[in-house]
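Here's the structure we're looking at; comments come further down.
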Amino acid sequence: IYFMIKGQWDILLFRFFAEALFLGSMLWFLNRKDAILYIPVTQIFYPFYAVFFGLLSFKPKTYRWKGRELK
């Protein structure tokens, strides 16, 4: 998101191609060639997903798991 605001598209393109190369090779190895088409979509939504859940992690919560109270 930072690089989009600053207009540094070359860094974003490099990141996209590096991650697409890595994810594409992993999906090819795992015989999930159909999922390669979803890489551009996930590249668009991932920064928002990471920031949202990163900020959400600061909210204090307690929950029960296996009969124990966790904070």
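If you read the sequence from its start, that first residue is 1, and numbering goes on from there. Because the structure is a prediction, the values reported are computed rather than measured.
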**Asked** What pairs with Lys59 under side chain to side chain donor-acceptor pair (under 3.5 Å), at least two apart in sequence or on another chain?
**Response** none

**Prompt:** Distance from Phe17 atom CZ to Ile39 atom CD1, nearest 0.5 Å?
**Reply:** 11.5 Å

**Request:** Could you check if a side-chain atom of Asp34 sits within less than 4.5 angstrom of a side-chain atom of Leu27, using non-hydrogen atoms only?
**Result:** no

**Request:** Please name the pair of heavy atoms, one in Gly24 and one in Ile36, separated by the smallest distance, quoted to 0.1 Å.
**Result:** O-CD1, 3.9 Å

**Message:** Would you say the rings of Phe48 and Phe52 are close, in the sense that their centroids are separated by under 6.0 Å?
**Reply:** no

**Prompt:** In terms of hydrophobic clusters joined by side-chain contacts under 4.5 Å, are Leu30 and Leu23 together?
**Reply:** no

**Asked** Is the shortest heavy-atom distance from the side chain of Arg32 to the side chain of Met26 under 4.5 Å?
**Response** no

**Item:** Same apolar cluster (I L V M F W Y, side chains within < 4.5 Å links), Phe16/Tyr46
**Value:** no

